[in-house]
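Quick note on labels: first sequence line is chain A, next is B, and so on, each numbered from 1.
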Protein chains: 2
Amino acid sequence: MPKDRAPTRIQKKNRAAILEAALNVFSAHGFRGATVDQIATEAGLSKPNLLYYFPSKEAIHTALLSGLLEIWLAPLHDLDADGDPMEEILAYIRRKLEMSRDLPRESRLFANELVQGAPRIHESLSHDLKSLVDEKTAILTQWMDQGKIARLHPYHLIFSIWALTQHYADFDVQVRAILGDEDPFEGAEPFIDTLYRKLLTP
Amino acid sequence: MPKDRAPTRIQKKNRAAILEAALNVFSAHGFRGATVDQIATEAGLSKPNLLYYFPSKEAIHTALLSGLLEIWLAPLHDLDADGDPMEEILAYIRRKLEMSRDLPRESRLFANELVQGAPRIHESLSHDLKSLVDEKTAILTQWMDQGKIARLHPYHLIFSIWALTQHYADFDVQVRAILGDEDPFEGAEPFIDTLYRKLLTP
DNA sequence: TCTTGATTTGACCATCTGGTCAAACTCACG
DNA sequence: CGTGAGTTTGACCAGATGGTCAAATCAAGA
């Protein structure tokens with residue numbers, strides 16, 4: 001492990017390659033299903049070389065998850081209390097759906113973790129996620145009080161958005177098994193848009 | 001391995017115990033994350049004894065999945081073309097939500113498999129699942145043609161039901177991290193009911 | 001009770017896997 | 001160049017894991 005000095009050119013390149021490879025492998029096989037050798041090979045390194053950059057398999061996984069949690073929550077962060085309620089929510093949904101389409105590996109990484117009880121990110125869920133959600137549901141509730149959107153259980157409204165959008169990334173195989181050649185997102189976008197317009201109209 | 005004669009009392013009991021234990025372990029840790037020893041211990045057997053009843057870890061997993069697929073698809077099977085459209089669909093949704101509540105391990109078993117690309121049930125998805133869905137979406141389309149429910153993309157309508165209901169079982173930790181002590185299904189049932197009433201009303 | 005097939009287990013094996021280490025190699029810079 | 005820090009690797013290790021096997025034990029019908 002190099003000194004805590006500024007990272008060298010090689011360090012930057014290899015750390016990035018490792019995280020990229022780890023994202024592929026962890027998202028496809030889960031934490032236990034992934035092997036260090038597999039990640040190393042995919043990153044173009046030998047196993048000891050990989051372990052020169054990260055002290056353990058767990059450390060790679062942790063680095064990945066904490067780095068991604070930020071990206072993952074960004075769309076909700078952008079929900080603006082001062083914007084038009086319907087448009088703000090629909091924009092949030094669109095951003096989430098785009099993430100499902102453009103970052104399916106990231107979605108599956110979290111899905112893998114959550115389905116198995118989130119043993120490694122339970123902390124972040126109860127703190128970072130919970131507080132962000134509480135902050136944003138307060139805005140939703142306010143909009144409902146003002147009669148600008150239909151009155152609904154705000155937490156379940158958020159859950160429904162997560163469920164509907166991430167489904168396309170997490171259960172991609174199933175969706176494709178049924179749709180065949182049809183592009184899932186082609187139909188998903190208007191469907192979900194319609195759904196929330198109808199649901200949220202007071 | 002016993003003869004292909006009728007199973008003895010002990011065989012029945014032990015096979016059932018193994019499948020029950022395997023459901024616990026596979027749903028909590030995924031296929032690779034589960035160990036034969038863990039399953040055996042949870043079933044109250046020694047490892048060699050377990051392997052006397054099932055030839056391999058993979059065989060247990062396969063037996064579980066194929067046995068459960070039937071149960072899993074039953075609610076959709078019950079969707080009746082001759083019933084009242086809105087009530088039929090809402091009843092289907094209610095049954096799915098009940099399964100999320102009462103059979104969360106089964107839901108997570110499938111979720112684990114699907115998130116990782118369904119390497120062991122790809123076949124069943126493209127055949128059994130696909131054909132059942134095609135059969136039922138035909139009914140939905142017919143109802144839409146008759147103006148009895150709103151016109152929507154039938155496949156995505158089905159996906160949305162799966163996503164919204166299974167979310168509560170599959171991502172239970174996340175839901176509970178946010179809801180705290182509140183019972184997830186208490187709020188989910190009316191929320192989802194309202195959602196589909198609004199969505200499906202022409 | 002005796003016999004025979006069903007059941008159970010301790011000991012064992014090969015392989016996989018996360019991780020270590022000392023030695024070799026490479027690179028940037030004086 | 002030469003040198004020291006940074007980088008890479010082959011060989012290796014310990015523990016976990018899926019699976020085997022022969023021998024011991026048990027259960028039920030004749």
Atom [atom1] of [X] to atom [atom2] of [N]: distance rounded to whole Å?
{"X": "Tyr52(B)", "N": "dA6(C)", "atom1": "OH", "atom2": "P", "value": "7 Å"}
{"X": "Leu51(B)", "N": "dG10(C)", "atom1": "CG", "atom2": "P", "value": "15 Å"}
{"X": "Glu58(A)", "N": "dG18(C)", "atom1": "CD", "atom2": "C1'", "value": "12 Å"}
{"X": "Tyr53(B)", "N": "dG19(D)", "atom1": "OH", "atom2": "P", "value": "18 Å"}

Contact class for Ala40(B) (heavy atom, under 4.0 Å): base, sugar-phosphate, or nothing?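 No contact.
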Give Ala59(A) one of three labels, base, sugar-phosphate or nothing, depending on what nucleic acid heavy atoms sit under 4.0 Å from its own.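 Here Ala59(A) touches no strand at all.
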Test: Arg94(A) and Asp193(A) ion pair at under 4.0 Å: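 Yes, this pair counts.
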Do the charged groups of Glu20(B) and Arg105(B) touch, with an N to O distance under 4.0 Å?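 Salt bridge flag = yes for Arg105(B) with Glu20(B).
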Side chain to side chain donor-acceptor pair (under 3.5 Å) with Glu58(B): which residues, sequence neighbours excluded?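 For Glu58(B) there are no side chain to side chain donor-acceptor pair (under 3.5 Å) partners, ignoring immediate neighbours.
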Let's see if you can work this out: which of dG19(D), dT9(D), dT17(D) has an atom nearest to the side-chain heavy atoms of Ser46(A)?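 The answer is dT9(D).
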For the pair His122(A) (side chain) and Ala118(A) (backbone), establish whether a donor and an acceptor sit closer than 3.5 Å, ignoring hydrogens and angles.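 No, His122(A) side chain to Ala118(A) backbone: no donor-acceptor pair under 3.5 Å.
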Considering only heavy atoms and no angle criterion, is a donor-acceptor pair shorter than 3.5 Å present between the side chain of Lys57(B) and the base of dG19(D)?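 Such a pair does not exist between side chain and base.
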